[in-house]
Amino acid sequence: MGQTLIRARLLSFLREPQSPEDTASFRYIEDGALLIEGGIIRAMGEFGAVSTEGAEVIDHRPHLLMPGFIDTHLHFPQMQVIASWAAELLDWLNDYTFPEETRYADPALCARMAGVFLDRLTEHGTTTAVAYGSVHATSAEALFAEAFARNMRLIAGKVMMDRNAPEALRDTAQSGYDESKALIARWHGRGRLSYAITPRFAITSSPAQMDAASALAREYPECYIQTHLSENHAEIALSCQLYPEALDYTDIYARYGLLRENSLLGHAIHLRAREIGALAEAGAKPVFCPTSNLYLGSGLFDDAKLRAAGLVNAIATDIGGGTSYSMLQTLAEGYKVLQLNRQRLHPYRAFDWITRGNAAALGLQDRIGTLEAGSEADLVVLNAKATPAMALRMERARGLMDELFTLQVMGDDRAVVQTYVAGVACKGAGL
Ligand code: GUN
Ligand code: ZN
């Protein structure tokens with residue numbers, strides 16, 4: 001099997017940085033080398049210290065190489081609802097998103113869009129995604145098949161929704177259970193794929209369907225669970241009205257056994273103290289979706305409050321409520337949301353979050369999110385001078401932190417020079 005040696009400036013986090021001064025939290029190698037074989041990083045170190053014998057050498061200097069970005073919440077059938085004019089979440093779902101998702105009943109459309117979706121991710125530097133399909137099993141099927149063909153790490157699931165949605169977008173408690181189970185049997189654990197049991201949210205799942213999701217969760221403890229929680233006030237009020245016996249929105253999911261360490265809860269904005277305690281006790285992971293929360297006017301995620309309660313937060317784009325596929329743009333908007341809460345997202349923590357941090361939230365820190373030997377060779381190569389405006393800013397940069405902050409505030413896909421999935425370059429030659 002051939003070996004590849006990539007030469008570049010290398011950055012990889014070892015643990016979460018505690019402050020801008022915490023430079024011991026990462027490894028930064030000015031003239032670094034990664035040795036890759038069979039899709040795995042075999043060695044990381046100074047260029048002179050890593051053997052080049054027999055390896056094909058790719059030189060990305062002067063660019064910065066880090067682990068590929070991880071997007072922990074986005075919707076495959078929503079690429080074409082980005083930038084839809086809506087007042088708030090429930091209007092946006094009913095007027096644009098549900099009608100658009102009905103198109104994904106067509107397997108030919110799903111197959112074409114699966115390739116388009118993964119192309120959008122990798123061109124933005126994202127190498128692992130946690131995705132919602134539409135209600136149609138064929139959408140998850142197409143996405144898994146395409147990711148499998150590309151040897152890309154993907155966590156995904158068919159949405160379960162059996163009420164409060166157009167007829168064409170409803171399954172039943174039984175069909176949602178059966179189709180999810182068949183997808184798990186076919187795809188979970190195959191290649192780099194994992195299944196996420198995906199009841200869309202309390203509003204679109206009847207108690208009978210929540211029972212079915214609960215049964216799946218019990219049968220498949222190693223599968224992820226993903227849903228939406230406490231995004232918007234009208235959504236919270238309707239959810240509590242539909243489940244009057246629950247103490248609050250979080251308790252709806254708790255009652256059906258859907259809160260555990262591999263549960264991913266999109267948004268988690270307007271939570272009461274009791275709910276935060278319940279999430280922390282279960283070890284469930286809130287997912288911050290800043291571009292979506294600003295775009296839909298949903299509210300300001302309180303990162304510090306959740307962390308103080310012991311929660312581990314993930315961060316994500318939430319395409320297509322979110323407005324950019326870029327995890328760099330996600331960090332830019334995340335920075336602004338946290339500023340409004342008088343919390344500051346420093347660049348070391350920001351880049352740790354979209355790499356090692358999100359990997360840890362997914363329980364995958366031994367496989368992705370770092371450049372340590374033994375990790376999967378999912379990589380992104382970044383140029384902080386990619387646009388004239390960025391290059392101008394970089395003329396005044398005073399080191400790595402300024403470079404990262406320029407990428408965090410001004411970067412997008414133009415700053416992504418190359419993306420590697422399991423050691424294979426994804427962007428066109430010459431980029
Ligand atoms: N809540 C339920 N479904 C959705 C969705 O598709 N996007 C967002 N942002 N929130 C949701
Ligand atoms: Zn979502």
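Note that ligands are numbered from 1 as they come in the structure, with each ligand's atoms numbered from 1 the same way.
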When you check the side-chain N and O atoms of [X] and [Y], is any donor under 3.5 Å from an acceptor?
X      : Y      : result
Asn293 : Glu333 : no
Ser324 : Gln329 : no
Tyr253 : Thr227 : yes

Region of [X] that comes within reach of ligand 1 [heavy atoms, distance under 4.0 Å]:
X      : answer
Glu235 : neither
Thr204 : neither
Ile203 : neither

Practice task
May I ask you to establish whether Arg190 and Phe148 are in a cation-pi arrangement, using a distance under 6.0 Å from NZ or CZ to the six-membered ring centre and at most 45° from the ring axis?
Solution key: yes

At what distance is the nearest protein heavy atom to [atom], and which residue and atom is it?
atom                    : result
atom 10 (N) of ligand 1 : Glu231 OE1, 2.7 Å
atom 1 (N) of ligand 1  : His228 CG, 3.4 Å
atom 3 (N) of ligand 1  : Arg200 NE, 2.8 Å

Exercise for the section: Determine how many protein N/O/S atoms sit closer than 2.8 Å to the Zn ion (ligand 2), leaving waters out since they are not shown. Expected result: 4

Problem - Polar contact flag for Asp318 and ligand 1 (N/O pairs, less than 3.5 Å) - result: yes

Problem - From the candidates Phe201, Tyr295, Trp92, the one that places a heavy atom nearest atom 7 (N) of ligand 1 - result: Trp92

Completion exercise
The residue among Asp413, Ile82, Thr126, Thr122 that forms side-chain contact (heavy atoms from CB on, under 4.5 Å) with Tyr325 is Ile82

Problem - Ring geometry between Phe201 and His228 (parallel below 30°, tilted from 30 to 60°, perpendicular above 60°) - result: perpendicular

Practice task
Examine Tyr104 together with Phe76 and report whether their ring centres are nearer than 6.0 Å.
Solution key: yes

Practice task
Would you please indicate yes or no on a ring centroid separation below 6.0 angstrom for Phe405 and His346?
Solution key: no

Fill in the blank from the handout: To the nearest 0.5 Å, atom CG of Leu229 lies from atom CG of Leu271 at 5.5 Å

Practice task
Find all atoms of ligand 1 within a distance of less than 4.0 Å from any non-hydrogen atom belonging to His75, and give their numbers and elements.
Solution key: 5 (C), 6 (O), 7 (N)

Exercise for the section: Ignoring hydrogens and angles, tell me if any N or O in the side chain of Tyr195 forms a donor-acceptor pair with the backbone of Lys158 under 3.5 Å. Expected result: yes

